[in-house]
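First the structure, in the form of structure tokens, and then the observations on it.
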Amino acid sequence: MNNIILTGFMGCGKTSVGKRLASLLDIAFLDTDELIEKEEGKSISDIFASDGEKAFRNMETECIRRLLRQKKEPAVISVGGGLAVREENRRLLRELGTVVYLKVSPDTVYRRLKNDEKRPLLQGENPRGRIEDLMNARKECYEQGAEVVILADDKTFEEIMNEILSYCRRSEK
Ligand code: S3P
């Protein structure tokens, strides 16, 4: 079995779906943001504030490289919403496993994250507009980087997991 990698915009459900899927498959769940926080000993918000976004993006690339070097047992891996923007990262992710893009609308993201304080990119004024702009700028990257796109608005976790699993089964044949 391959690693299952979940990508998509902030708030698309990578962590919620990923944890449930990993538990269903009885495999590990990893999250690049958590791995980076552990490695750096500070939160994502602190990394953005003290080191800047560029440094964080380099940490993301290094994190994926480390995962590739480690070659552990298969896992479900949720990656930060901006990670797929770098072409190099998209290539590394495809090497790492089956890349699944959870696609949601800006409305869904706004509804889920309007009170969130942990995403530095959404803390300024007009988060609704920022979500739309960032999503427009990134959507091709998500699509290019993924093997399969799952429309995740208004679906239950079970429905999303079933779609992921049926894709993985088909592609293993
Ligand atoms: C980011 C998404 C976040 C986190 C950081 C930047 C982005 O991860 O990596 O705040 O650029 O979209 P989630 O997608 O898990 O929220």
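When a ligand or atom number is given, it counts from 1 through the structure's own listing order. Computed from heavy atoms alone, side chains included, the values below leave out hydrogens, waters and symmetry copies.
Between F56 and F48, the ring planes lie tilted relative to each other; the angle falls in the 30° to 60° range.
We find that D153 and K103 are not joined by a salt bridge, their nearest charged nitrogen and carboxylate oxygen being 4.0 Å or further apart. A salt bridge links E163 to K155: at least one charged side-chain nitrogen sits closer than 4.0 Å to a carboxylate oxygen.
Although no hydrogens or angles enter the test, the distance criterion places a donor-acceptor pair under 3.5 Å between the side chain of N3 and the main chain of A75.
Put simply, the side chain of R65 reaches to within 4.5 Å of the side chain of E88, judged on heavy atoms.
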Could you check ligand 1 for N or O atoms lying under 3.5 Å from protein N or O atoms and list the pairs with distances?
{"from": "ligand 1", "atom 1": "8 (O)", "to": "D33", "atom 2": "OD2", "distance (Å)": "2.8"}
{"from": "ligand 1", "atom 1": "9 (O)", "to": "D33", "atom 2": "OD1", "distance (Å)": "2.8"}
{"from": "ligand 1", "atom 1": "9 (O)", "to": "D33", "atom 2": "OD2", "distance (Å)": "3.1"}
{"from": "ligand 1", "atom 1": "11 (O)", "to": "R57", "atom 2": "NH2", "distance (Å)": "2.7"}
{"from": "ligand 1", "atom 1": "11 (O)", "to": "R138", "atom 2": "NH2", "distance (Å)": "2.7"}
{"from": "ligand 1", "atom 1": "12 (O)", "to": "G82", "atom 2": "N", "distance (Å)": "3.3"}
{"from": "ligand 1", "atom 1": "12 (O)", "to": "R138", "atom 2": "NH1", "distance (Å)": "2.7"}
{"from": "ligand 1", "atom 1": "12 (O)", "to": "R138", "atom 2": "NH2", "distance (Å)": "3.4"}
{"from": "ligand 1", "atom 1": "14 (O)", "to": "K14", "atom 2": "NZ", "distance (Å)": "2.5"}
{"from": "ligand 1", "atom 1": "14 (O)", "to": "G81", "atom 2": "N", "distance (Å)": "2.8"}
{"from": "ligand 1", "atom 1": "15 (O)", "to": "D33", "atom 2": "OD2", "distance (Å)": "3.4"}
{"from": "ligand 1", "atom 1": "16 (O)", "to": "R119", "atom 2": "NE", "distance (Å)": "2.7"}
{"from": "ligand 1", "atom 1": "16 (O)", "to": "R119", "atom 2": "NH2", "distance (Å)": "3.1"}

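The residue from K14, Q144, E143 that alone fulfils the side-chain contact (heavy atoms from CB on, under 4.5 Å) condition with Y101 is E143.
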